[in-house]
Amino acid sequence: MEDDPAELFAGDSGTLDADVRRVLVRLLQRRFLLAERNPAQWRTLLAHQQVIESRLHDLFVHLVVDHDRGIAYKRQVRSAELDVPVLLRDEPYSRAETLVLVHLRTVFQRERGAGESSARVDVEELEQTALTYYDPDDTNVASRQREIRGAVARLAKEGVIEEESEGRYRVTALVEIVLSNERLTELRAWLRSPAATVPQDGTPEPADEDAPDDHAAPQDDAAPQDDAAPQDEEPAR
């Protein structure tokens with residue numbers, strides 16, 4: 001008991017240091033913890049990974065730590081044998097976010113394959129590429145452009161891209177977590193098909209039975225299959 005940390009607030013019965021609690025809260029609040037953006041919290045996570053994992057397991061939540069990429073994220077425990085209450089909800093990316101992600105992942109893969117240490121894109125390039133997949137008869141181009149710009153802003157906020165100068169972004173390794181290579185291949189094959197026009201509402205949908213079923217790139221409820229992307233995990237409401 002003498003080694004227990006002092007109370008942080010009145011009635012505090014917690015046993016973790018304040019810094020460890022902050023990392024635990026951040027993992028629950030946010031989609032990802034990035035070593036590059038939060039070096040101090042990343043060091044705390046690695047130093048106390050076992051106890052943080054234990055706290056998350058108490059909530060039926062897995063912790064995934066990708067040491068090579070410097071990325072940590074969470075995923076909901078799923079079990080056919082156990083009644084597991086769902087704390088985290090899954091939300092697929094929107095159509096615009098999916099289209100932007102596909103292009104970002106393609107550029108990242110191409111540049112890495114060419115031996116480049118980093119990949120960069122312009123917002124105009126992202127916008128024009130995404131627009132090619134929308135219904136050509138849709139005359140509300142300004143609305144589509146705003147949708148795509150909003151997708152870029154959200155992905156920048158999550159850390160998938162980082163703005164280096166106005167309208168110029170560096171693609172981070174997080175894009176490999178968000179969109180797996182296998183999923184990228186499926187989406188690119190479908191988007192090249194003649195029937196791959198994005199409808200005016202909703203995410204892109206395959207037109208036949210051979211196309212991918214879960215058409216939107218998953219977010220933060222983490223890696224559904226192998227290295228697939230974490231999906232959007234937020235406390236269920």
Side-chain angles (χ1 to χ4, degrees), residues 3-94 97-98 101 150-151 153-162 172-180 183 214 216-237:
D3 294 331
D4 287 345
E7 286 189 354
L8 300 180
F9 50 86
D12 179 19
S13 61
T15 59
L16 300 180
D17 290 337
D19 288 343
V20 182
R21 298 189 199 193
R22 292 188 184 100
V23 172
L24 181 60
V25 170
R26 184 177 182 87
L27 286 167
L28 287 169
Q29 285 181 328
R30 305 292 293 273
R31 287 193 170 87
F32 310 100
L33 175 62
L34 306 177
E36 185 177 7
R37 284 192 172 189
N38 308 98
Q41 290 195 331
W42 180 260
R43 289 192 296 269
T44 299
L45 171 64
L46 297 185
H48 302 274
Q49 183 173 337
Q50 186 173 0
V51 68
I52 292 173
E53 283 180 326
S54 177
R55 293 293 193 275
L56 291 174
H57 288 168
D58 285 340
L59 302 175
F60 297 102
V61 173
H62 280 305
L63 173 66
V64 181
V65 180
D66 188 324
H67 295 272
D68 293 335
R69 297 185 179 97
I71 300 168
Y73 55 90
K74 61 194 180 295
R75 69 169 184 252
Q76 180 70 53
V77 171
R78 310 283 184 183
S79 174
E81 294 78 27
L82 182 66
D83 180 17
V84 176
V86 176
L87 176 68
L88 308 174
R89 70 182 179 193
D90 302 341
E91 293 182 356
Y93 280 120
S94 71
E97 290 157 357
T98 300
L101 275 171
R154 178 181 177 182
L155 294 173
K157 183 178 180 180
E158 290 183 359
V160 177
I161 51 178
E162 292 185 343
T172 74
L174 183 55
V175 74
E176 292 186 302
I177 297 294
V178 173
L179 192 59
S180 71
R183 193 72 188 101
D214 50 343
Q219 300 174 15
D220 189 315
D221 173 5
Q225 298 177 4
D226 299 328
D227 61 339
Q231 297 178 8
D232 185 33
E233 296 185 349
E234 298 177 5
R237 295 173 185 167

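Along the sequence shown, residues carry numbers from 1.
Taking 4.5 Å as the limit, every side-chain heavy atom of Val160 sits out of range of all side-chain heavy atoms of Phe32. Within the 4.5 Å cutoff, the side chain of Arg69 has no heavy atoms near those of the Leu34 side chain. Using a 4.5 Å cut-off on side-chain heavy atoms (C-beta onward), Leu63 and Gln49 make contact.
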**Steps toward side chain to side chain contact (heavy atoms under 4.5 Å, CB included) verdict (Asn38, Leu33)** = CA-CA 7 Å; Asn38 308 98; Leu33 175 62; 3.8 Å; yes

**Message:** Please determine whether side chain to side chain contact (heavy atoms under 4.5 Å, CB included) holds for the pair Arg78 and Val86, giving the CA-CA distance in whole Å, both sets of side-chain angles, and the decisive distance to 0.1 Å.
**Reply:** CA-CA 8 Å; Arg78 310 283 184 183; Val86 176; 3.7 Å; yes

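Rounding to the nearest 0.5 Å gives a distance of 5.5 Å between CG of Leu56 and CG of Leu28. In this structure, the separation between NE2 on His48 and CG on Leu16 is 9.0 Å, given to the nearest 0.5 Å. Taken from CZ in Arg30 to CD in Glu158, the straight-line distance is 9.0 Å, to the nearest 0.5 Å.
Closest approach of Arg183 to Ser180, counting heavy atoms only: N-OG, 3.1 Å. Residue Gly11 comes nearest to Glu7 through the heavy atom pair N-OE1, 3.8 Å, listed as atom of the first residue, atom of the second, then distance. Nearest heavy-atom pair, Val23 versus Leu45, reported as atom, atom and distance to 0.1 Å: CG1-CB, 4.1 Å. In terms of heavy atoms, Leu174 sits closest to Gly159 at CD2-C, 3.7 Å. What you find for Leu155 and Tyr93 is that their closest heavy atoms are CD2-CE2, 4.2 Å. In terms of heavy atoms, Tyr73 sits closest to Ile177 at CE2-CG2, 3.5 Å.
No side-chain donor from either of Thr15 and Arg21 sits under 3.5 Å from a side-chain acceptor of the other. Gln41 and Thr44 are not linked by any side-chain donor-acceptor pair at a separation below 3.5 angstrom, with hydrogens and angles left out of the test.
Using a 4.0 Å cut-off between a side-chain N of Lys or Arg and a carboxylate O of Asp or Glu, Arg55 and Asp58 do not qualify as a salt bridge.
Taking the salt bridge (charged side-chain N to carboxylate O under 4.0 Å, His left out) definition, one finds that Arg43 meets it with nothing, sequence neighbours left out. Checked against salt bridge (charged side-chain N to carboxylate O under 4.0 Å, His left out), Glu53 has no partners two or more places apart in sequence or in another chain.
Here the side chain of Lys74 pairs no donor or acceptor atom with the backbone of Val61 at under 3.5 angstrom. Looking only at distances, no side-chain donor or acceptor of Ser54 sits under 3.5 Å from a matching main-chain atom of Gln50. Remark: the backbone N or O of Asp19 is not paired with any side-chain donor or acceptor of Asp17 at under 3.5 angstrom. Gln76 places a side-chain N or O within 3.5 Å of a backbone atom of Phe60 that can act as its donor or acceptor partner.
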